[in-house]
> 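Take a look at this one; I'll ask things after.
Hydrogens, waters and symmetry mates are skipped; everything else that's a heavy atom, side chains included, is used.
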Amino acid sequence: MTTINDIAKMANVSRTTVSRVLNNNGYVSEEVRKRIIQIVEETGYIPSLSAKSLRTKKSGVIGVIIPRIDTETASRVVSGINEVVSKENFQILLTDTELDKEKEVEYIRLLQSRHVDGIILLATNVNDSLVATIKDVELPFISLGQDLPGITSILYDDYHAAVDVTNMLISNGHERIAFIGVNEDDPSVGFQRKKGYMDTLKKRGYNLNNSWMETGDFSIESGYESMKKIIKNSKDQLPTAIFAVTDRMAIGAMEYLREQGHRIPDDIAVAAIGASTMSQYVTPSLTTVDYFNKEAGQKAAELLLQQLKQNKEIEKFVQTYRLIKRDSV
């Protein structure tokens, strides 16, 4: 493996001169600069990040903690983050909590031990241990998806998105609207989306039917099983519409309805939140909410880079969304 000493020897210059060229710091004649750059390109030399970290006290690495690596939401957010930070010559160190809230704290500590320059957390919960750990590590930090007290956060407007979905279903003639959610330990997806649904039904004068409300775990399978329970519990009359808080659970619900011979949307309409790619291609195409996840990732990265450059006050941002009406309603 080529070292900086090898480059210096081949260019017949000092190690310091090579370092100046690599870091674009300090005077070096144009002739010598060109010679060093040519040798670097020919040898494929890559400066050591660890050595650079020792000199600059910066690692050039941003830690990103995601809840599940197999979701399109996380993929879009990470793509947005990477697009921004790579332009500033930062790399991403990615960790996956698998929806285990204890791992959020564990991975924050792990990333701190790896000397990352800052952390972006796609948070799934809000608790004292998490907030205390974030403040204790004293790193530039951005929360995406949950409102963490005392921490700059980018939020999705989960409540009003759920209100809009529920109102849209009502406007399409549906009074009996079932709901598939997730555990309310997740304040945004679990609590706010359910609250938006419930508040809207109450405001519009419709009764809540607890037998039409089930809890899944974000997976297609849990949407399928939740739909099965709702149909089983509907002894007198079936709901005419389903609101699932994620596309994946909605698609699982649609599969169960098809198996049982229910026509979508003629018998039961289906709507969700997520705007995943597969929502366009299932049959019928799924009515859903787009949260512009890639743009949210870009915003998180921009805010983190600002924190790295200067002390910034705690800020809260609410991401926009759009309701996409398709054939499932």
> Can you tell me if Y197 uses its side chain to pair, donor with acceptor, with the backbone of V245 under 3.5 Å?
no
> More than 12 heavy atoms of other residues, nucleotides or ligands under 6.0 Å from CD1 of I37: yes or no?
yes
> I need the minimum non-hydrogen distance between A123 and S143, along with the two atoms involved.
CB-OG, 4.0 Å
> Within the supplied structure, the quantity of interest is the number of heavy atoms (other residues, nucleotides, ligands) at a distance under 6.0 Å from N5 CG; does it exceed 12?
yes
> Is there a donor-acceptor pair under 3.5 Å between the side chain of T152 and the backbone N or O of E315?
yes
> Any sub-3.5 Å donor-acceptor pair from S188's side-chain atoms to G145's backbone N or O?
yes
> Considering all heavy atoms of both residues, which atom of R20 and which atom of V28 are nearest to each other, and what is their separation?
CB-CG2, 3.8 Å
> Are L99 and M249 connected, step by step, through hydrophobic side chains (Ile, Leu, Val, Met, Phe, Trp, Tyr) whose heavy atoms are closer than 4.5 Å?
yes
> Heavy atoms only: give me the nearest A161-V289 pair and the separation to one decimal.
CB-CG1, 4.2 Å
> Answer with yes or no whether the hydrophobic clustering places I120 together with L139; edges join I, L, V, M, F, W, Y residues whose side-chain heavy atoms lie under 4.5 Å apart.
no
> List the steps, then state whether side chain to side chain contact (heavy atoms under 4.5 Å, CB included) holds for I231 with I268.
CA-CA 11 Å; I231 296 298; I268 301 180; 4.2 Å; yes
> Not counting sequence neighbours, list each pair that qualifies as a ring-ring contact (aromatic ring centres under 6.0 Å, His included) and has a residue in residues 122-153.
none
> For D186 and Q146, does a side-chain donor sit closer than 3.5 Å to a side-chain acceptor?
yes
> Test side chain to side chain contact (heavy atoms under 4.5 Å, CB included) on L130 and I108 and set out the steps.
CA-CA 9 Å; L130 176 64; I108 291 169; 3.7 Å; yes
> Are R33 and E30 close enough, and set up right, to give a side chain to side chain contact (heavy atoms under 4.5 Å, CB included), and what steps lead you there?
CA-CA 5 Å; R33 183 182 298 276; E30 190 60 27; 4.1 Å; yes
> For A162, which residues count as a side-chain contact (heavy atoms from CB on, under 4.5 Å) partner, sequence neighbours excluded?
R193, F243
> I need the minimum non-hydrogen distance between V21 and I36, along with the two atoms involved.
CG2-CD1, 3.7 Å
> Is there a chain of hydrophobic side chains (I, L, V, M, F, W, Y, each step under 4.5 Å between heavy atoms) that links V116 to L305?
no
> Please confirm whether the backbone N or O of G216 pairs with a side-chain atom of S222, one donor and one acceptor, at under 3.5 Å?
no
> May I ask you to decide whether E106 forms a salt bridge with K103, counting only side-chain N to carboxylate O separations under 4.0 Å?
no
> Got D247 and E72 here, is their nearest side-chain heavy-atom distance under 4.5 Å?
no
> Who passes ring pair (Phe, Tyr, Trp, His ring centres under 6.0 Å) against F218, sequence neighbours left out?
none
> Please determine whether side chain to side chain contact (heavy atoms under 4.5 Å, CB included) holds for the pair N127 and E104, giving the CA-CA distance in whole Å, both sets of side-chain angles, and the decisive distance to 0.1 Å.
CA-CA 11 Å; N127 60 57; E104 288 185 338; 5.6 Å; no
> Between T200 and N167, do the side chains contain an N or O donor and an N or O acceptor separated by less than 3.5 Å?
no
> Kindly say whether N209 contributes a backbone atom to a donor-acceptor pair with the side chain of S211 at under 3.5 angstrom?
no
> Output all residues satisfying side-chain contact (heavy atoms from CB on, under 4.5 Å) with A271, sequence neighbours left out; order by chain, then residue number.
V165, M168, L169, T287, V329
> Between K299 and E302, is there a side-chain heavy-atom distance shorter than 4.5 Å?
yes
> Check K228 with E225, please: is the shortest side-chain N to carboxylate O separation under 4.0 Å?
yes
> Measuring only between side-chain heavy atoms, which start at C-beta, is L122 closer than 4.5 Å to T73?
no
> State the CD1-CE distance between I177 and M213, to the nearest 0.5 angstrom.
12.0 Å
> Check the side chains of R204 and T166 for a donor-acceptor pair under 3.5 angstrom, ignoring hydrogens and angles.
no
> State whether the number of non-hydrogen atoms from other residues, nucleotides or ligands found under 6.0 Å of R109 atom CZ is greater than 12.
yes
> Under the ring-ring contact (aromatic ring centres under 6.0 Å, His included) definition, can you give me all pairs with a residue in residues 274-294, not counting sequence neighbours?
Y156-Y291
> Assess whether atom CD of E184 is packed by more than 12 heavy atoms of other residues, nucleotides or ligands within 6.0 Å.
yes
> For residues M227 and Q260, determine if any side-chain heavy atom of one lies less than 4.5 Å from a side-chain heavy atom of the other.
no
> I'd like to know whether CD of Q310 has more than 12 heavy-atom contacts from other residues, nucleotides or ligands below 6.0 angstrom.
yes
> Cut-off 3.5 Å, side chains only: do E295 and Q319 have a donor facing an acceptor?
no
> When you measure from the side chain of T133 to the backbone N and O of S129, does any donor-acceptor pair fall under 3.5 Å?
yes
> Give the minimum heavy-atom separation between R68 and T71, together with the two atoms involved.
O-OG1, 3.4 Å
> Could you pull out all residues at least two apart from N183 that satisfy side chain to side chain donor-acceptor pair (under 3.5 Å)?
none
> Are the side chains of I273 and Y321 in touch, meaning some heavy atoms are under 4.5 Å apart?
no
> Just to verify, what does Y256 make a ring pair (Phe, Tyr, Trp, His ring centres under 6.0 Å) with, not counting sequence neighbours?
Y224
> Are M10 and E42 close enough that some pair of their side-chain heavy atoms sits under 4.5 Å apart?
no
> Please say which of E175, R176, H174 ends up in a side-chain hydrogen bond (donor to acceptor under 3.5 Å, both in side chains) with T240.
H174
> With sequence neighbours left out, write down each residue that passes side chain to side chain donor-acceptor pair (under 3.5 Å) with T320, or none if nothing qualifies.
none
> By salt bridge (Lys or Arg N to Asp or Glu O under 4.0 Å), which residues pair with D199, not counting sequence neighbours?
K195
> For D128, enumerate each residue passing the side-chain contact (heavy atoms from CB on, under 4.5 Å) test, keeping only those at least two apart in sequence or located in another chain.
none
> Determine whether I242 and M254 make a side-chain contact, defined as any pair of heavy atoms from C-beta on separated by less than 4.5 Å.
no
> Check whether any side-chain N or O of K316 sits under 3.5 Å from a backbone N or O of I151 as a donor-acceptor pair, and report yes or no.
yes
> For S234 and Q237, work out which heavy atoms get closest and say how close.
CB-O, 3.5 Å
> For the backbone of L286 and the side chain of R326, can you confirm whether one donor and one acceptor N or O come within less than 3.5 Å of each other?
yes
> A side-chain contact here means heavy atoms from C-beta on lying under 4.5 Å apart; do I62 and V84 qualify?
no
> Considering residues at least two apart in sequence or located in another chain, which fulfil the side chain to side chain donor-acceptor pair (under 3.5 Å) criterion with T3?
D6
> Is there a donor-acceptor pair closer than 3.5 Å between any side-chain N or O of S153 and the backbone N or O of D147?
no
> Count I, L, V, M, F, W, Y as connected when their side-chain heavy atoms are under 4.5 Å apart, and connections chain through other members. Are V61 and V78 then in the same cluster?
no
> Following the transitive rule for hydrophobic clusters with a side-chain heavy-atom cut-off under 4.5 Å over Ile, Leu, Val, Met, Phe, Trp and Tyr, establish whether L93 and I66 coincide in one cluster.
no
> Taking ILVMFWY side chains as joined if any heavy atoms are under 4.5 angstrom apart, and letting links pass through other members, which residues group with Y159?
V163
